[in-house]
2 protein chains.
Amino acid sequence: MFIEQLSESTEMYLKAIVEMSDRDMVAVSRLAERVNVTPVSANEMVHRLGEQGLVEHTPYKGVALTEKGREVACNVLRRQRLWEVFLYEHLKIEWAQIYELACSLEHATAPEVTEALATFLGDPRTCPRGNPIPAADGSFTPLDGLPLSEISVGKTVRVVAVNATETDVLRYLQEREILPGQEITVLEAAPLHGPLMLRMPGGKEVALGMSLAEFVFVK
Amino acid sequence: MFIEQLSESTEMYLKAIVEMSDRDMVAVSRLAERVNVTPVSANEMVHRLGEQGLVEHTPYKGVALTEKGREVACNVLRRQRLWEVFLYEHLKIEWAQIYELACSLEHATAPEVTEALATFLGDPRTCPRGNPIPAADGSFTPLDGLPLSEISVGKTVRVVAVNATETDVLRYLQEREILPGQEITVLEAAPLHGPLMLRMPGGKEVALGMSLAEFVFVK
DNA sequence: CGGAATAATAAGGGTAACCATAAGATTTTT
DNA sequence: AAAAATCTTATGGTTACCCTTATTATTCCG
């Protein structure tokens, strides 16, 4: 396996795909939203990634990573999440900001640095957002949990991970203490995909929109 | 003062200029060598930097940073050298490699991260290569020392900094223990810019080419 | 002073990654 | 099945940064 020099853009797309594909293929339009480009641009890029053998694109269906693409993406994820741990645990940076800041550092990190960092941090297995950190060999236990949006009324669950990436969204959740480890009871689900009413540990009640609830993984 | 988003390339050029301008202007051709592009490309880039008000180019004389350029460059240097400290002191990465590895991290580092890192490291004043780390406000005490190449025969001096950037060069010096803090006696200088003979602490004698000796700053 | 070396400019190209607009293709909804 | 929505492709354009080759300008040095 050769160590090709992939562009920052390439890594961003691969990371987006691996983070969005819990089960099926990723629609190119969703991908475009995630990486903040027009669908046309995303389409072009998907072609380029296909030519490099990193993804498989089935027109009108979506994109999936190839084995090679998955390997690269896991590596990217490892770097990203190790930096998240460092920024949060050692640099004491605000929880909501670590994703964005780690994201920039990710591409600039050589393999030597990644492994030295992992050792320095004590080989953590999850990042501060609760997501698993792939091992150096690429192995990776996917998150076992369900989005909060699929939990039925009355159930009490524990947050295992928060999968959002935008700082605003993360800050919104942070302010409401919807964080890994918290115990939450779903009190009510408004009809027509309306917001969930949640009871938080202190007894406080919080309303959470469905699209936000999809980011919160619980067990 | 606006926080413009400068490209990685721009930052590289500015860093190269500030690191090379000990006294006079920097020749565009030498800059080209440093950043590893053709003189024509460097010339183009110098024009672009001039248009952005970062450098002042006097044809046939060289380039110098403007006040704005110097400010940006010091910031770049601060980030670069803080990472060098982290990589060396905490991640235990080989001395010769830290410049190159810190270089990639530099551009990806947001101001919040820079300052949190500085605090984490205990606000170090020099990097492992002996170079001063500019303060957060941009203030910066230039290195006081002379290149080893200008020391007269018979003198005993102490290495204060090693200004090389290429990993091969740094590794060559590392192997000969020409490192900050070492005491060196200049035994002989061969004619026609020939190599220097040096006596190292253990009594070992080492020959060092003139172009390498220019990187070694002593007092 | 005049030739050699060095520096700058001009002209023509290339690539990666984005954009907009518009025209087809396919899927989904009515 | 037709209309609507979504996806894909085509076309043409932009920016930043790099390249080569050739020409002109300046400086350095014998």
Side-chain angles (χ1 to χ4, degrees), chain A residues 4-17 20-21 24-64 69 72-73 76 103-104 106-108 192-193 211, chain B residues 3-17 20-21 23-64 69 72-73 76 103-104 106-108 192-193 211:
Chain A
E4 299 162 62
Q5 195 29 27
L6 298 169
S7 73
E8 179 147 14
S9 212
T10 299
E11 295 197 341
M12 288 293 215
Y13 276 87
L14 294 181
K15 186 164 70 183
I17 296 168
M20 292 169 78
S21 60
D24 29 310
M25 297 184 125
V26 177
V28 177
S29 52
R30 294 289 90 65
L31 187 55
E33 276 170 37
R34 180 43 117 61
V35 299
N36 244 296
V37 297
T38 62
V40 178
S41 299
N43 227 299
E44 284 175 0
M45 190 57 172
V46 163
H47 278 303
R48 280 190 288 267
L49 295 175
E51 278 159 22
Q52 291 172 81
L54 296 165
V55 306
E56 192 83 48
H57 180 211
T58 316
Y60 300 102
K61 294 294 174 200
V63 224
V72 175
V76 173
C103 198
S104 340
E106 171 272 302
H107 178 67
L192 298 171
H193 283 254
S211 38
Chain B
I3 305 149
E4 297 163 63
Q5 195 30 28
L6 298 169
S7 73
E8 180 146 15
S9 210
T10 299
E11 294 197 341
M12 288 295 215
Y13 276 88
L14 294 181
K15 185 163 71 182
I17 296 168
M20 291 169 78
S21 60
R23 189 149 302 279
D24 29 311
M25 296 184 127
V26 177
V28 176
S29 51
R30 296 208 39 226
L31 186 55
E33 276 170 37
R34 180 43 116 64
V35 299
N36 245 295
V37 297
T38 62
V40 178
S41 298
N43 227 295
E44 283 175 1
M45 190 59 173
V46 163
H47 279 302
R48 281 191 287 268
L49 295 175
E51 278 159 21
Q52 291 173 81
L54 295 166
V55 305
E56 192 84 47
H57 181 214
T58 316
Y60 300 102
K61 295 292 172 200
V63 221
V72 175
V76 174
C103 199
S104 340
E106 171 274 301
H107 177 68
L192 298 171
H193 284 255
S211 37

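In this text the structure is predicted, and so the values were computed from the model without any measurement. Order of the sequence lines sets the chain letters (A, B, ...), proteins ahead of strands, with each chain counted from 1.
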Query - Interatomic distance, A/L31 CG vs D/dT8 C1' [rounded to whole Å] - result: 15 Å

Query raised in the report: Of the nucleotides C/dA17, C/dC19, D/dC18, which has the atom closest to the B/S9 side chain?
Result: D/dC18

Query raised in the report: Just how far, in rounded Å, is P of D/dA16 from CD of B/Q5?
Result: 13 Å

Query raised in the report: Between atom CG in A/N43 and atom C1' in D/dT11, what is the gap in whole Å?
Result: 15 Å

Query raised in the report: Hey, does the side-chain of A/E44 have a donor or acceptor N/O within less than 3.5 Å of a partner on the base of C/dC19?
Result: yes

Query raised in the report: Is B/S29 near enough to C/dA7 that one of its side-chain N or O atoms lies under 4.0 angstrom from OP1 or OP2?
Result: yes

Report summary line: Closest of C/dA17, D/dT9, D/dC18 to the A/H47 side chain is D/dT9

Requested in this report: Side chain of B/S7 only, please: which of D/dA25, D/dT8, D/dC17 is the nearest?
Outcome: D/dC17

Query raised in the report: In whole angstrom, what separates A/N36's CG from C/dA17's C1'?
Result: 15 Å

Query - CZ on B/R34 to CE on B/M12, rounded to 0.5 Å - result: 10.5 Å

Report summary line: When rounded to whole Å, the CD to C1' distance for the pair A/E51 and D/dT9 reads 14 Å

Query raised in the report: Is the shortest distance from a Lys or Arg side-chain nitrogen in B/E33 or B/R30 to a carboxylate oxygen in the other one below 4.0 Å?
Result: no

Query raised in the report: Looking at A/Y13, does any N or O in its side chain come under 4.0 Å of the phosphate oxygens OP1/OP2 on C/dC18?
Result: yes

Report task. Ignoring the backbone of B/V28, work out which of C/dA8, D/dC17, C/dT27 is nearest its side chain. Result -> C/dA8

Report summary line: note: B/H57, atom NE2; D/dA25, atom P; distance rounded to Å ~ 16 Å

Query raised in the report: Picking from C/dA7, C/dA20, D/dC19, which would you name as closest to the side chain of B/V37?
Result: D/dC19

Query raised in the report: Roughly how many Å is it from CG in B/L6 to C1' in D/dC17, rounded to a whole number?
Result: 15 Å

Report task. Please report the closest heavy-atom contact between B/E11 and B/H107, naming both atoms and the distance. Result -> OE1-ND1, 2.9 Å

Requested in this report: Classify the nucleic acid contact of B/T38 as base, sugar-phosphate or nothing, counting any heavy atom under 4.0 Å across all strands shown.
Outcome: base

Query - Residue pair A/G62 / A/H57: nearest heavy atoms and the distance that separates them - result: O-CD2, 3.4 Å

Query raised in the report: Below 4.0 angstrom from OP1 or OP2 of C/dA17, is there any side-chain N or O of A/R48?
Result: yes

Requested in this report: Give the nucleotide from the list C/dG24, D/dT26, D/dT9 with an atom nearest to the side chain of A/Y60.
Outcome: C/dG24

Query - Atom-pair distance (CZ on A/R30; P on D/dT8), nearest Å - result: 11 Å

Query - Pairwise distance CD(A/Q52) to CG(A/L14) - rounded to 0.5 angstrom - result: 8.5 Å

Query raised in the report: If you check the B/K61 side chain, which of D/dT8, C/dA20, D/dT27 turns out closest?
Result: D/dT27

